[in-house]
There are 2 protein chains.
Amino acid sequence: MIWCRFQHAGRTSYGIVEGDMVVPVEGSPFGEHRRTAEKLALSSVKLLVPVIPGTFYCAGVNYSDHVTKMAKKRGEEPKLPTRAEIGYRANNALLEHEGNIVKPKDSGELFQYEGELVAVFGKTGKHIPREKALDYVLGWTIGNDVSERTWQRGDRTFWRGKNADTFKPMGPWIVTGLHPRDMRTIIRLNGKEVESFNTGDMIFDAETFISETSRYCTIQAGDVMWLGTDGAPQNMKVGDTIEVEITGIGVLRNYIVAEA
Amino acid sequence: MIWCRFQHAGRTSYGIVEGDMVVPVEGSPFGEHRRTAEKLALSSVKLLVPVIPGTFYCAGVNYSDHVTKMAKKRGEEPKLPTRAEIGYRANNALLEHEGNIVKPKDSGELFQYEGELVAVFGKTGKHIPREKALDYVLGWTIGNDVSERTWQRGDRTFWRGKNADTFKPMGPWIVTGLHPRDMRTIIRLNGKEVESFNTGDMIFDAETFISETSRYCTIQAGDVMWLGTDGAPQNMKVGDTIEVEITGIGVLRNYIVAEA
């Protein structure tokens, strides 16, 4: 089942995608909801970020190749994480599928994508055992953890390096019934594949991150958890198209534009 | 004017506090709203966290005495921030005035308060000039940035050290028409004053943080920005009562309880 959030004729609504149609839904997948009798052409709606999370969790480093290659680029020894310690991103940065990633005027060349699998929570829970972790996930979507590396390294926090407006594309929708270990992530820059990796290669899998985080933090329906990227990203420049595909979910496509 | 958010007879609503009464309001201070003809005794309502922010900004270090004393405690040289670089906290950790701060079972002795002035935004804006920054603030509330120092220092992120459930008391309400440089913060542990400082002693004032943050991040109505604490906090233990008073706003009071 595919849940989307969309805008159509001035209305914002959740919907269920069926083939090339969308069935608008009253309510949301995170609470009571009811299918309407309507059907809209998928091509006629504007897809929105599928959920504005209450808490925006992000694993950060979670694939060993990424850690090793990024450390090498900086001339440092790689430091693999030894525990599943979750981080955060900020809602102001969210951007919908097909939206424009705005490259700030004073940002540098090291402006990079990070394609990530995203868990979208459907239930509220704390002290969630590992073996029940996936019961709390409504479905899966795709995130692009756009990063300005000079700011990321030089600033005291990840505020503008990771969280400037439009730096967090998420979408195109939420797909239920998938297993987070069986997917392949493929990243294309201007149509050319620049990276591909298996979600099964995570250092700490989704179940571990959910279970560990929920030891201290109540996970709520509508929260999201981004699960990290692999490889060493290339730079994106104004005019580029960046696509993150995850098999079984779809493609998240965005365009790099200059700040006005 | 004092805005509160409250629960009464199963209903959650915004309200305006007038003396010892609350006038329930339809809508919210962040959008359209209308006073009702009702009046409730303030003592009969349960005050809630005054807003669940879309983005939960937090300045972190922002008073020089705090930086100097905390570094000394750790046997390190103090490093004063040279730029207003904003950080983040997480909504799962929010707790209302008079609520219980739950000290996790495996947390250590260095379990500490941090009393902070909080800006609550009422308007959405980007590239906000310093001299217009306060126009975007609806009003002011109080935050207690509860911190488990061992986790804060040893973990890769601030997840459980700063963002475990109940670690972010905020309230009791939002007061409009105040100037953020003229307030005094007084912290009391079990009724005894343990710290007091002027909000005017911030390293970077509210206007600077708002203006700098908004260069890259759109600030939205309903977002909050916590503005840092001064001094070197003492430890809190189970059974303690912690109060943060800020003149002109009121008192944020919470109780330390053990995790069940």
Side-chain angles (χ1 to χ4, degrees), chain A residues 52-62 79-95 102-107 121 124-127 148 151 154-168 209 212-220 222-223 259-260, chain B residues 52-62 79-95 102-107 121 124-127 148 151 154-168 209 212-220 222-223 259-260:
Chain A
I52 308 291
T55 299
F56 186 162
Y57 294 104
C58 182
V61 287
N62 200 24
K79 256 203 232 167
L80 289 179
T82 55
R83 288 176 297 171
E85 294 170 300
I86 203 71
Y88 303 94
R89 297 291 182 266
N91 285 347
N92 71 284
L94 286 168
L95 176 71
V102 180
K103 186 171 188 300
K105 272 182 194 162
D106 55 347
S107 62
F121 295 102
T124 293
K126 197 171 180 187
H127 297 300
E148 209 280 10
W151 292 343
D155 291 349
R156 194 178 61 85
T157 73
F158 282 173
W159 71 294
R160 60 179 177 169
K162 291 271 189 184
N163 296 301
D165 285 350
T166 74
F167 277 27
K168 293 286 138 322
F209 259 109
E212 286 294 307
T213 302
S214 79
R215 285 175 61 191
Y216 302 96
C217 306
T218 298
I219 283 169
Q220 303 209 350
D223 287 350
E259 188 181 18
Chain B
I52 308 291
T55 298
F56 187 161
Y57 294 104
C58 183
V61 286
N62 201 23
K79 256 203 234 167
L80 288 180
T82 55
R83 289 177 297 171
E85 294 170 299
I86 203 71
Y88 303 94
R89 297 291 182 268
N91 284 348
N92 72 284
L94 286 169
L95 177 69
V102 180
K103 186 173 188 299
K105 273 182 194 161
D106 54 347
S107 62
F121 295 102
T124 293
K126 198 171 180 188
H127 297 298
E148 209 280 10
W151 292 342
D155 291 350
R156 194 179 61 85
T157 72
F158 282 172
W159 71 295
R160 59 179 178 168
K162 291 273 189 184
N163 296 300
D165 285 350
T166 74
F167 276 28
K168 292 289 137 324
F209 260 108
E212 286 295 307
T213 302
S214 78
R215 287 175 60 191
Y216 302 96
C217 305
T218 298
I219 283 171
Q220 303 207 349
D223 288 350
E259 189 180 20

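In what follows, chains carry the letters A, B, and so on, assigned in the order in which the sequence lines appear, proteins first and then strands, with residues in each chain numbered from 1.
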*asked:* Tell me whether E85(B) contacts the main-chain N or O of T157(A) through its side chain, where contact means a donor paired with an acceptor under 3.5 Å.
replied: no

*Within the distance-only criterion (no hydrogens, no angle test), does the side chain of N92(B) pair as donor or acceptor with the backbone N or O of C217(A) below 3.5 angstrom?*
no

*Please flag which part of Q220(B) lies under 4.5 Å from any non-hydrogen atom of chain A: side chain, backbone, both or neither.*
neither

*Contact origin within Y57(B) toward chain A - heavy atom pairs under 4.5 Å*: side chain

_Is R89(B) in contact with chain A via its backbone, its side chain, both, or neither, using a 4.5 Å heavy-atom distance?_
neither

_Between D223(B) and chain A, with a heavy-atom cut-off of 4.5 Å, which part of the residue counts as in contact: side chain, backbone, both or neither?_
neither

*For K126(B), look at atom NZ and say whether over 12 heavy atoms of other residues, nucleotides or ligands are found less than 6.0 Å away.*
yes

*Please walk me through it: do F56(B) and N91(A) pass side-chain contact (heavy atoms from CB on, under 4.5 Å)?*
CA-CA 9 Å; F56(B) 187 161; N91(A) 285 347; over 6 Å; no

*side-chain contact (heavy atoms from CB on, under 4.5 Å) evaluation trace for Y88(A) with W159(B)*: CA-CA 8 Å; Y88(A) 303 94; W159(B) 71 295; 3.6 Å; yes

*asked:* Quick check on I86(A) against chain B: is it the side chain, the backbone, both or neither that has a heavy atom closer than 4.5 Å?
replied: both

*With the side chain counted from C-beta on, respond yes when F167(A) and Y216(B) share a heavy-atom pair under 4.5 Å apart, and no when they do not.*
no

*Ignoring hydrogens and angles, state whether a donor on the side chain of D165(A) or T218(B) is under 3.5 Å from an acceptor on the partner side chain.*
yes

*What residue, out of R83(B), R215(B), E259(B), has the most heavy-atom pairs lying under 4.5 Å from chain A?*
R83(B)

*Select, from T213(A), D106(A), V102(A), I219(A), the one with the greatest count of heavy-atom pairs under 4.5 Å involving chain B.*
D106(A)

